[in-house]
Amino acid sequence: MLYITERAVFRLAAESLELIEIAPGVDLEKDILSQMDFKPQISVNLKRMDARIFYEQAMDLKIEVLYPVCGKAKIVA
């Protein structure tokens, strides 16, 4: 299960929440961790959220085909 906010994305782990993405321009300590009543696990692969989701204009996405075996995406024109 994922919990998605305007600042971060958390994944429900076995015993806690795991922070997996943060929004561009967000300070991890000041804007997320200091606002929480507990400290989540922080993913070793912590990523930035795609900045395009915060723009008012369309994201201009092309079709992305996901390959579940390798977990990578291929852009298809």
Side-chain angles (χ1 to χ4, degrees):
M1 176 177 289
L2 296 178
Y3 297 92
I4 302 170
T5 74
E6 71 279 358
R7 295 181 186 177
V9 178
F10 297 89
R11 178 180 21 234
L12 184 59
E15 307 243 345
S16 67
L17 288 179
E18 178 184 24
L19 177 61
I20 60 173
E21 292 186 29
I22 60 174
V26 169
D27 180 273
L28 177 61
E29 181 60 42
K30 183 183 98 173
D31 299 324
I32 298 174
L33 299 179
S34 70
Q35 305 298 315
M36 298 180 72
D37 292 333
F38 64 95
K39 186 172 180 181
Q41 290 179 331
I42 299 175
S43 174
V44 295
N45 297 315
L46 184 63
K47 298 177 185 175
R48 289 275 175 195
M49 297 164 94
D50 188 333
R52 295 177 297 174
I53 66 174
F54 299 98
Y55 299 157
E56 289 188 30
Q57 66 268 19
M59 290 176 65
D60 192 31
L61 293 176
K62 294 185 172 53
I63 298 172
E64 294 184 8
V65 179
L66 299 179
Y67 294 92
V69 174
C70 63
K72 304 219 179 197
K74 177 180 179 184
I75 305 295
V76 179

(Q) So, taking the atom named CZ in Arg7 and the one named CG in Leu28, what distance separates them when rounded to the nearest 0.5 Å? (A) 12.0 Å
(Q) Rounded at 0.5 Å granularity, tell me how far CG in Leu33 sits from CD in Gln35. (A) 9.5 Å
Answer with yes or no whether the hydrophobic clustering places [X] together with [Y]; edges join I, L, V, M, F, W, Y residues whose side-chain heavy atoms lie under 4.5 Å apart.
X: Ile42; Y: Val26; result: yes
X: Phe54; Y: Ile32; result: no
X: Met49; Y: Met1; result: no
X: Phe38; Y: Tyr3; result: yes

Q) Hydrophobic clusters join Ile, Leu, Val, Met, Phe, Trp and Tyr when side-chain heavy atoms are under 4.5 Å apart, directly or via other members; which others share one with Val44? A)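 Other cluster members: none.
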Q.
Show, in sequence, the C-alpha distance, side-chain angles and deciding distance for Leu2 and Phe10, and conclude whether the side chain to side chain contact (heavy atoms under 4.5 Å, CB included) test is met.
A. CA-CA 6 Å; Leu2 296 178; Phe10 297 89; over 6 Å; no
Q: Give a yes or no answer on whether the side chain of Asp27 reaches the backbone of Lys30 with a donor-acceptor pair at less than 3.5 Å.
A: yes
Donor-acceptor pairs under 3.5 angstrom involving side-chain atoms of residues 14-23: please list them, not counting sequence neighbours.
residue, atom, partner, partner atom, Å
Glu18, OE1, Arg11, NE, 3.3
Glu18, OE1, Arg11, NH2, 3.4

